[in-house]
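The block underneath contains the structure these notes are about, expressed in structure tokens.
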Amino acid sequence: MLGEISVTPTIGVRNMEAARSFYEKKLGLMPASTGDEYVQLYKAGNSLIEVYKSDFAGTNKATAMTWGVGNKIEEEVRSLREKGIEFEHYEMPATRIEGDIHIMPYMKAAWFKDPDGNIICLHSH
């Protein structure tokens, strides 16, 4: 049954004001609800992203959310960089880095963090 229902990434943040600025102004997401001081939903394609206030924000050391941007990865990375996003570089097997994009045999990927350190990925799948 769950395989037929959409899923929502849930991202914990410490400061809702900083998170709203990042997700709306840097990433260009539109609020999907009016939200309140503790929760804000954003529309991304056919998905929703829930950003909520949490004392445990940024403690995940793995990727929290991924966008599959297909062959537009270079364009998306360039656009985000122009908005002040700084990208992460990771040492990974069978991977080389060109600019801010990790080139792997099966895909390209780029990672960045939100203001609370949540890791976000763009990939070419």
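The structure presented is a predicted model; accordingly, all values stated were derived computationally and were not measured.
Side-chain contact between I119 and N60 is absent, with no heavy-atom pair separated by less than 4.5 Å. Using a 4.5 Å cut-off on side-chain heavy atoms (C-beta onward), L27 and L80 make contact. Between E24 and P31 there is a side-chain heavy-atom pair separated by less than 4.5 Å. Looking only at side-chain heavy atoms (C-beta outward), V39 and V51 stay at 4.5 Å or farther from each other. With contacts defined as side-chain heavy-atom distances shorter than 4.5 Å, the pair L122/F112 qualifies. Within the 4.5 Å cutoff, side-chain heavy atoms of I73 are placed close to those of V77. A 4.5 Å side-chain heavy-atom check between K26 and I85 finds at least one atom pair inside the cut-off. D114 has its side chain within reach of I11: a pair of non-hydrogen atoms, C-beta onward, lies under 4.5 Å apart.
In terms of heavy-atom proximity, G58 sits nearest to K61 at O-NZ, 4.2 Å. When all heavy atoms of R14 and K53 are compared, the pair lying nearest together is O-NZ, 2.7 Å. In terms of heavy atoms, A57 sits closest to G12 at CB-O, 3.2 Å. Here the shortest heavy-atom pairing between K83 and K25 reads CD-O, 4.0 Å.
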What verdict does the side chain to side chain contact (heavy atoms under 4.5 Å, CB included) test give for I103 and T95, after you've listed the backbone C-alpha separation in whole Å, the side-chain angles of each residue and the deciding distance to 0.1 Å?
CA-CA 5 Å; I103 311 294; T95 302; 5.8 Å; no
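Salt-bridge formation is detected for the pair D100/R81: a Lys NZ or Arg NE/NH1/NH2 atom is positioned less than 4.0 Å from an Asp or Glu carboxylate oxygen. The pair R96-E98 counts as a salt bridge, with a side-chain nitrogen and a carboxylate oxygen less than 4.0 angstrom apart.
Under the 3.5 Å distance criterion, the side-chain polar atoms of S47 are left unmatched by any main-chain donor or acceptor of G45. A donor-acceptor contact shorter than 3.5 Å is absent between the side chain of D116 and the backbone of N118. A side-chain donor-acceptor contact under 3.5 Å links S54 to the backbone of F56. With hydrogens and angles disregarded, a donor-acceptor distance shorter than 3.5 Å links the side chain of Q40 to the backbone of S33. A donor-acceptor pair under 3.5 Å links the side-chain atoms of S124 to the main chain of K108, judged by distance alone.
In the displayed structure, K43 atom NZ is contacted under 6.0 Å by more than 12 heavy atoms of other residues, nucleotides or ligands.
Below 30°, between 30° and 60°, or above 60°: for Y42 and Y23 the angle between ring planes is below 30°, a parallel geometry.
If you look at W111 and H102, their ring centroids are closer than 6.0 Å.
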